[in-house]
**Q** 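Right, I'll just put the structure down here and ask away after.
Chain letters run A, B, ... following the sequence lines, proteins first and then strands; every chain starts at 1. None of the values given here were measured: they were computed from a predicted structure.
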Protein chains: 2
Amino acid sequence: MGGDHAPDAVVRGALLAIADGVPVTLVGDEARIRPLLPRGSAVQIVHTTDAVGMGEAPVAALRRRPDASIRRAAREVAEGRASCCVGAGNSGAVMAAALFELGRIDGVERPAIAMLLPRGDGGQLAVLDLGANVDCRPEHLAGFALMGAAFSTVAAGVERPRVGLLSNGEEEGKGNEQVREAGPLLAALPILYVGHVEPTDALRGGCDVAVCDGFVGNIMLKTVEGTAEVVGRLLKEEVLRRSSDRFGAWLLQGALRRFRKRTDWASIGGALLLGVRGVVVVSHGRSDANAIRSAILYAHRCARAGLVSAITRQLGAPREPQNAALPTA
Amino acid sequence: MGGDHAPDAVVRGALLAIADGVPVTLVGDEARIRPLLPRGSAVQIVHTTDAVGMGEAPVAALRRRPDASIRRAAREVAEGRASCCVGAGNSGAVMAAALFELGRIDGVERPAIAMLLPRGDGGQLAVLDLGANVDCRPEHLAGFALMGAAFSTVAAGVERPRVGLLSNGEEEGKGNEQVREAGPLLAALPILYVGHVEPTDALRGGCDVAVCDGFVGNIMLKTVEGTAEVVGRLLKEEVLRRSSDRFGAWLLQGALRRFRKRTDWASIGGALLLGVRGVVVVSHGRSDANAIRSAILYAHRCARAGLVSAITRQLGAPREPQNAALPTA
């Protein structure tokens, strides 16, 4: 029931994912969902009329409403009926629901939101935290580094990910107080720590995981989105300026379409909440059906690849997560 | 003498600016500069063999070497022989030299580095601080807001600039501790404060000035640079994939060249150090001759438009800055 275009875009995205072979359960108001499904559809619906609005304070709202759709969706994972869940609504509510229903992996003090961004060298850059924790202590950054390394291996296939600490300069002396204190903590972890990295170098391919607090990460993510948008608009303006250029652009239609697809950061699959005992994807509020489909396939891939077990191993926690033994498809 | 391609690129950039009608004085080692000038050139050289290296701690280096080239350049401004100065070397040294020789404008606690970024709506977004102050208190952000408003008016021609506070969400409750405390301070200033802004909205045109601490600003600036680079590379890859596309790209050569020029953030003119009693441009270390020329023209334009007086007025300081009465060209 969440997101700017819900439930319509969410239902259509789910149908696309089902067509790709991933079984999907829809959680929400059956009276509103059913009419959007093809007649006689066998898609499973978990009915609930409760939902958290975009403007609501998530924790309080979820405490009052144990059957809010996002909380019910997370419960499907917690109780073993689903291997992962996707939410496109109030992102604070997605996180809170995951914490209420799934709980944290042993050793995780602060779950974090992570995403893969396309790099200039063709690789993928994992960035975290993207907004779950706006005020962090240096130890929290160390936790993000461990989870980020496991995430890069599982989601981007990097065997030995190079982990960097996002900073305003590569030298040890650079960084704000938080970063300068976090450096030695990251250097002591059982990961391949490459020191301070600047966003420019990280996006070029200088590391596989960029660690930062949620405020800085959110600024970085939204700057990537905003810059890609500005660059796309300026390109369009220049190309439409002269009729000879318009003919060239017509010839380039296919290439420009592929280019737009690769730079549409919003539809790459959404962000993952790392550190909870289940795979939870926080999808962009403005997700269309295609973005929802990508988010579902992405969540499914991460669950199948054992994201939760990988993080648990990386953190050295002895207990296996609740849903590690579930069938994943 | 500063920058990756010094003194060659600097001298050639200065000659380009002189051809544009701006008189330039070169500061540095005459024995290395003279051979780069056309025979019989009347370009003025202030000779000094001292310089600060890229790796040196700037303040200590400048204290020991009062005749380091960047300090001598700032002194030209302080003593009224120049109306502005440009440095492409160690950016910490450019700042320290400006502080030593020019001093702060009354009421300025922390000078800041500011830059104009192209927005999606065709306007220009002033962002500060970009790295002069990595650890800031909320009051410092209020100072940046005042200086940024004056800067936007002078450098981008915005009569009543909309000033936003960079944050991870537009709602009042968003932001880290620093931002949440700074909000009410900015709201109380005699500027048009528009509240929290996300980078996406700021880059689209949601405000004219985005205020942040130097760590966050530096991350944002380098993310803009990195994203523009990645986007450009992906575009090139897609366009070169098929021969039919290559023909289209050939037709689009002119448009793509204009596009690259508009998105080459490094050559837009460099960053300004705001809050000192003179116009000081901190140019990118990798500046080529064209970027140096842009930086010189930019500094000259800001000096002529009365940047220092505008900041002084905005801060309500009674004294006029030292070089406000100088001829500016």
**Q** Just verifying a value: how many Å separate B:Ile219 CD1 and A:Asn176 CG, rounded to the nearest 0.5 Å?
**A**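 It comes to 8.5 Å.
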
**Q** To the nearest 0.5 Å, how far apart are OG1 in B:Thr223 and CG in A:Leu117?
**A**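 Spacing of OG1 (B:Thr223) from CG (A:Leu117) equals 9.5 Å.
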
**Q** Is the closest side-chain heavy-atom distance between A:Thr227 and B:Leu203 below 4.5 Å?
**A**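 SC-SC contact between A:Thr227 and B:Leu203 confirmed.
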
**Q** Please report the interatomic distance NZ(A:Lys222) to CE(B:Met220), rounded to the nearest 0.5 Å.
**A**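 Between atom NZ of A:Lys222 and atom CE of B:Met220 there are 12.0 Å.
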
**Q** Against chain B, label A:Glu177 side chain, backbone, both or neither, depending on which of its atoms sit under 4.5 Å from a heavy atom there.
**A**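 Both backbone and side chain.
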
**Q** Report the C-alpha distance between A:Arg180 and B:Asp135 in whole Å, list the side-chain angles of each, state the deciding distance to 0.1 Å, and finish with yes or no for side-chain contact (heavy atoms from CB on, under 4.5 Å).
**A** CA-CA 11 Å; A:Arg180 289 192 306 270; B:Asp135 291 297; 3.5 Å; yes

**Q** What residue, out of A:Glu229, A:Arg233, A:Glu171, has the most heavy-atom pairs lying under 4.5 Å from chain B?
**A**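 Result: the option with the highest number of such pairs is A:Glu229.
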
**Q** Please report the shortest heavy-atom distance between A:Leu166 and B:Phe215, naming the atom on each side.
**A**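 Closest approach of A:Leu166 to B:Phe215: O-CZ, 3.5 Å.
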
**Q** Hey, which of A:Cys136, A:Gly131, A:Ala57, A:Gly226 has the most heavy atom pairs under 4.5 Å with chain B?
**A**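 It is A:Gly226.
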
